[in-house]
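The next block holds one structure in the form of structure tokens; read it before the comments.
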Amino acid sequence: MAWPRLREELDVFEGAVLADGQPSWVLHDPVRNQFFRIDWLSFELLSRWSMGNAQAIVHAVARDTTLHPDNDDLERLVKFLNEQQLLASEDPKTARDMAERVAKSRSSAWSWLIHHYLFFRLPLVKPDKWLERWMPVAALFYTRTFLALTLGALALGLYQVLQQWRDFSAALIDTFSFQGLLSYGAALAVVKVVHELGHAFTAKRHGCRIPRMGIAFLVMWPMPYTDTNEAWRLHSRRERLEVACAGIATELVIAAWATLAWATLPDGPARSAALFLATVSWVATVAINASPFMRFDGYFIVMDWFNLPNLHQRSFALARWQLREWLFRLNEPVPEVFPPVQHRVLVAFAFGTWLYRLVLFIGIALMVYHLFTKILGLLLFAIEIFWFILNPIKNELTEWHKRGRRIAQSGRTHITVMLLLGALALLLVPLPVP
């Protein structure tokens, strides 16, 4: 078998230090503008890829470093590179496999709708040159002077709102109308555009390229988005955090100044606009963007802050393993070893995320049922419930089925079944009526 070649246009640059202290690197695919974090062992193996022989590469890494790789490590790396389409082999079998993957990815319009009606993106502009032209103006908003003025505006605005609380609450109640809903929609559009510009200008300030901006559709609701994938190039964790926090910080700035504007302006359209901007900014920041349970800003902030890439996937795998151990005590190897406290926190985070998504997806399903015609609404409701709630449960039950014999032989299973039957019996026993 011919040794697979790496694609020549791939780029590798130094990444952040991983949680276990080892260095990391980032592998960049410029064609798709995708970034892959690789560990020290993978980097050393790739550095010697041109040797063209598995045994020679493994031997060279063991000789030149303190690492001790084997052929299995190299096979896993080759599999990863192949799955991510980072190889450029002329092997007919490889080309055929890639063609089959592409064919599978080209699903029908109906299948595409099922998978993407909840969220999909539509790129519209390439803003990099425009951002560079306006960067001197945007730099004024990163100064200590502007920060001090904003904090002062926030403190004064909140004080004035407390002093005028009766007027504020009455004005807020008056917005609960069809016209108010339209005004909130307009305010949300403005806030989200500025939010994305905050991400874009901050990334640009740190030397990143912004290849595209566009519209993302969340349950058919349009929201602007910015491609800041090049933040992966930033070696400094602080700089990556600044890019991730920029959207929330921008909304908080809008909220601070809009709150002060409402408190100081006379009654009229300007004061009403300030109220909509302030309330939308506060609510959107706290309820949506700051949440780490979905892949919004809060998730990436938490991921970078604790240096845990792929936080959802890793915590979910850990929680699934922990659930099986609690229920069946299978004594399977843990997917990833963490310190005890961090292990418990990640498991609790995964279960919290599942509960949050359960409530959210049921709410979205009910929303689409009521917003669309009954037949379409019922269909989308069924898709939502199956794909995002029942399908993950089915996948986990499939894993239990694969372990059926071991589960049946486990003593912990008997205790679990007895507790489950006891809980069901309690539910079936009628409560005494006073």
Side-chain angles (χ1 to χ4, degrees), residues 18-20 37 39 72-73 76 79-80 83 114-115 118-119 291-296 298-300 302-303 305-366 381-432:
L18 299 180
D20 59 3
R37 179 175 290 181
D39 59 11
D72 290 340
D73 295 319
R76 281 191 292 269
K79 181 180 178 181
F80 162 77
E83 289 176 348
I114 291 176
H115 288 78
L118 182 67
F119 182 80
S291 170
F293 300 125
M294 299 294 287
R295 293 178 65 86
F296 295 126
Y299 169 71
F300 296 101
V302 170
M303 195 169 60
W305 182 269
F306 293 102
N307 199 15
L308 287 170
N310 302 317
L311 175 59
H312 279 165
Q313 293 89 329
R314 296 165 73 182
S315 65
F316 293 169
L318 205 62
R320 287 192 293 267
W321 173 86
Q322 187 66 72
L323 179 63
R324 295 166 195 160
E325 291 301 304
W326 284 337
L327 295 178
F328 312 122
R329 188 63 64 82
L330 300 176
N331 294 320
E332 293 181 338
V334 64
E336 193 169 357
V337 178
F338 293 98
V341 174
Q342 190 175 16
H343 176 102
R344 290 192 290 270
V345 169
L346 288 173
V347 170
F349 173 77
F351 280 107
T353 302
W354 289 339
L355 179 60
Y356 176 90
R357 291 185 176 186
L358 175 66
V359 175
L360 177 65
F361 290 146
I362 290 176
I364 292 175
L366 292 172
F381 178 89
I383 292 172
E384 184 79 21
I385 294 297
F386 171 78
W387 190 256
F388 294 102
I389 297 177
L390 298 181
N391 196 51
I393 296 175
K394 178 185 72 69
N395 292 337
E396 181 60 19
L397 292 177
T398 301
E399 293 298 321
W400 292 6
H401 179 71
K402 293 177 181 177
R403 299 163 173 82
R405 178 174 297 180
R406 295 173 56 201
I407 289 175
Q409 295 173 349
S410 172
R412 177 63 64 88
T413 302
H414 303 151
I415 298 175
T416 299
V417 171
M418 291 175 61
L419 291 175
L420 179 60
L421 292 176
L424 290 174
L426 288 176
L427 291 175
L428 295 175
V429 172
L431 295 175

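Rounded to the nearest 0.5 Å, atoms CZ (F328) and CD1 (I407) are 4.5 Å apart. How far OG of S410 is from CZ of R405: 15.0 Å, rounded to the nearest 0.5 Å. Going from atom NE2 of H414 over to atom CE of M418 covers 10.5 Å, rounded to the nearest 0.5 Å.
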message: Assess the residue pair V347 and W326 against the criterion (side-chain contact (heavy atoms from CB on, under 4.5 Å)); give the C-alpha distance rounded to whole Å, side-chain angles, the decisive distance to 0.1 Å, and a yes or no.
response: CA-CA 12 Å; V347 170; W326 284 337; 4.1 Å; yes
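Partners of N391 by side-chain hydrogen bond (donor to acceptor under 3.5 Å, both in side chains), not counting sequence neighbours: none found. Here R76 pairs with D72, D73 under the side chain to side chain contact (heavy atoms under 4.5 Å, CB included) rule; sequence neighbours left out. With sequence neighbours left out, H343 forms a side-chain hydrogen bond (donor to acceptor under 3.5 Å, both in side chains) with Q322. Under the side chain to side chain contact (heavy atoms under 4.5 Å, CB included) criterion, P335 pairs with A317, L318, W321, sequence neighbours left out. Partners of L397 under the side chain to side chain contact (heavy atoms under 4.5 Å, CB included) rule, at least two apart in sequence or in another chain, are I393, W400. Applying the side chain to side chain contact (heavy atoms under 4.5 Å, CB included) rule to I362 yields the partners L358, L366, I385, I389; only residues at least two apart in sequence or on another chain are considered.
Residues L327 and T416 come closest through the heavy atom pair O-OG1, 2.5 Å. Minimum heavy-atom separation, P292 to V302: CB-CG2, 3.9 Å. Across all their heavy atoms, R37 and N307 have their closest contact at NH1-OD1, 3.7 Å. In terms of heavy atoms, M303 sits closest to L311 at SD-N, 3.9 Å.
For residues 336-347, the salt bridge (Lys or Arg N to Asp or Glu O under 4.0 Å) pairs, not counting sequence neighbours, are R314-E336. Sorted by first then second residue, the salt bridge (Lys or Arg N to Asp or Glu O under 4.0 Å) pairs that include residues 406-425, not counting sequence neighbours, are E332-R406. Sequence neighbours left out, not one pair with a member in residues 347-364 passes salt bridge (Lys or Arg N to Asp or Glu O under 4.0 Å). Note on residues 387-400: pairs passing salt bridge (Lys or Arg N to Asp or Glu O under 4.0 Å), not counting sequence neighbours, are R324-E396, E399-K402, E399-R403.
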Review item, side-chain donor-acceptor pairs of residues 349-356, under 3.5 Å, at least two apart:
| from | atom 1 | to | atom 2 | distance (Å) |
| --- | --- | --- | --- | --- |
| T353 | OG1 | F349 | O | 2.8 |

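Within the 4.5 Å cutoff, side-chain heavy atoms of L346 are placed close to those of L308. Taking 4.5 Å as the limit, some side-chain heavy atom of Q313 sits within range of a side-chain heavy atom of N310.
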